[in-house]
Amino acid sequence: MDLLRQLRHFTVVGEELHFGRAAERLGMAQPPLSQRIRELERELGVELFDRSRRQVRLTPAGDVLLGEARELLAGVGRMRELVARAARGEYGTLRVGVPPELPGSVLGAVLTEFAAKAPEVRLELREFTSAEQLELLAGHGLDAGLVHHPLDPAAGLHSGPVIEPPWGVVLPRVSPLAGAGWGGEIALAELAGQALVTHPREAAPALYDATLAACRDEGFHPVRVATARSPEVMLGLVIAGHGVAFSHPAIARKEPRVVWRPLRPRAPLWRLVFAWPARAPHPAVAPLVEAATGILRGHGTGALSASGPGDDSADHAPDRRCCPASSRRATGRRSRAVRVRRAAPPPAGGAPGCPRVW
């Protein structure tokens, strides 16, 4: 840092070409300033100023140093600014886990809102189940994750407010239970005699158990339980008559062969929460939680919770494709970085060379 101070002093003298004015500008006496310049010349082994005449002039070596010093000092100033902004959560990269069942339209709305709050923070999304996210959060492989609630108190994580997005049942359009179509409430007891399509238990054990318990408590005892890791597989099983499923309305909205109906009462609840490491949290987590909570709760996004398959907004829901990320999880499975763009619905086969997500 002493060299930087010397370079600052040299730059002012080089700009003023007068030691008295330079000392005044720097707020110091002239003799210490002259001593600093002499020390810099001895360190570099060259003369930086021609003092043989009454007017102080830069030598060729001094002229080169002046340009380099200005560039170096500007870079140091930019470095300090970026570091300070990163510490305030205004710059850098935020690694966030999202569950596979998060609808693309909801994710796109979250990204747009966060970009407005922190335009220079790069949001790196990685798609994992809740169990996988909790493992990565514990090892600081993620800065934050959207996971199922409740959390284990011993996990060493802090969390934001509990989020209860719109939640309902997905039925084949030809089912007698489809009724008048989208929007009409249905009680769990009315699903008696149906099979259930849900996520594998290992993906979110607490949610899986709570879902089946809520079904039993309300009089719905599934005749069998089929599992699906992705929304596409879930919708395919529902369309084929292998059961009903619980989901966010935006997942079912793009498929004309199914109907989504809200549950009465709202159980089993799909309760989510943002979690992050309690130790050394990323400063950009706070604006992310603020931006995403209202979107996920359905505030100001009525189209996400009430639109049917024919709604125009569904045709412009963001398309999520996946690509391999550079890091691998401890299990050896490649993580997936998710990007969002406005596009037409993806083809049935998905993006070439990588699995489709939605």
- [ ] Give a yes or no answer on whether the side chain of Glu190 reaches the backbone of Ala187 with a donor-acceptor pair at less than 3.5 Å.
- [x] yes
message = Counting C-beta onward and ignoring hydrogens, is there a side-chain heavy-atom pair between Glu185 and Leu263 closer than 4.5 Å?
response = no
For Glu16, look at atom CD and say whether over 12 heavy atoms of other residues, nucleotides or ligands are found less than 6.0 Å away. yes
Inspect the contact between Glu81 and Arg78 and indicate whether a charged nitrogen and a carboxylate oxygen are less than 4.0 angstrom apart. no
Just by distance, do the side chain of Arg257 and the backbone of Ile239 share a donor-acceptor pair under 3.5 Å?
no
key: CZ (Arg51) with more than 12 external heavy atoms under 6.0 Å   = yes
- Message: For Asp2 and Arg36: C-alpha separation, side-chain torsions, deciding distance, then whether salt bridge (Lys or Arg N to Asp or Glu O under 4.0 Å) applies.
- Response: CA-CA 10 Å; Asp2 189 62; Arg36 289 276 184 179; 2.9 Å; yes
Exercise. Give the intermediate values and the outcome of salt bridge (Lys or Arg N to Asp or Glu O under 4.0 Å) for residues Arg229 and Glu127.
Key: CA-CA 12 Å; Arg229 283 189 171 271; Glu127 188 179 62; over 6 Å; no
#### Entry: Thr198 and Tyr208, any side-chain heavy atoms less than 4.5 Å apart
yes
Glu132 (side chain) donor-acceptor with Thr129 (main chain) under 3.5 angstrom | yes
**Report entry** Min side-chain heavy-atom separation Glu43-Gln6 under 4.5 Å
**Finding:** yes
Apart from Tyr91 itself, members of its ILVMFWY cluster (side-chain separation under 4.5 Å) are Leu82
Salt bridge (Lys or Arg N to Asp or Glu O under 4.0 Å) filter on Glu290, not counting sequence neighbours, yields Lys117
*Are any of the side-chain heavy atoms of Leu44 and Leu65 separated by less than 4.5 Å?*
yes
Report task. Go through the steps for Glu120 and Arg85 under the test salt bridge (Lys or Arg N to Asp or Glu O under 4.0 Å), then give the verdict. Result -> CA-CA 10 Å; Glu120 294 193 68; Arg85 292 176 61 201; 2.5 Å; yes
Residues passing the salt bridge (Lys or Arg N to Asp or Glu O under 4.0 Å) test with Arg88, sequence neighbours excluded, are Glu90
_Test your reading of the model: is there a side-chain donor-acceptor pair from Gln133 to the backbone of Phe128, 3.5 Å cut-off?_
yes
Q) How are the rings of Trp276 and His158 set to each other: parallel, tilted or perpendicular (split at 30° and 60°)? A) perpendicular
Minimum side-chain heavy-atom gap His248-Pro166 below 4.5 Å = yes
Under 4.5 Å between side-chain heavy atoms, hopping through other hydrophobics if needed: is there a path connecting Leu73 to Val12? yes
Original post:
Do Val197 and Phe246 touch side chain to side chain, with heavy atoms closer than 4.5 Å?
Top reply: no
Arg70 vs Glu68, test: salt bridge (Lys or Arg N to Asp or Glu O under 4.0 Å). Steps then yes/no. CA-CA 5 Å; Arg70 282 170 170 164; Glu68 294 295 320; over 6 Å; no
ask   = Is there a donor-acceptor pair under 3.5 Å between the side chain of Ser175 and the backbone N or O of Leu171?
value = no
Next on the checklist: Would you say that Leu125 contacts Leu111 through its side chain, given a criterion of any heavy-atom pair below 4.5 Å between the two side chains?
Outcome noted: yes
Report task. Could you tell me whether the side chain of Leu151 reaches within less than 4.5 Å of the side chain of Leu134, counting heavy atoms only? Result -> yes
Check your understanding: Quick one: do Leu26 and Leu3 end up in the same hydrophobic cluster if we chain Ile, Leu, Val, Met, Phe, Trp and Tyr together by side-chain heavy atoms under 4.5 Å apart?
Key -> yes
d(Leu157 CG, Asp152 CG) to nearest 0.5 Å is 9.0 Å
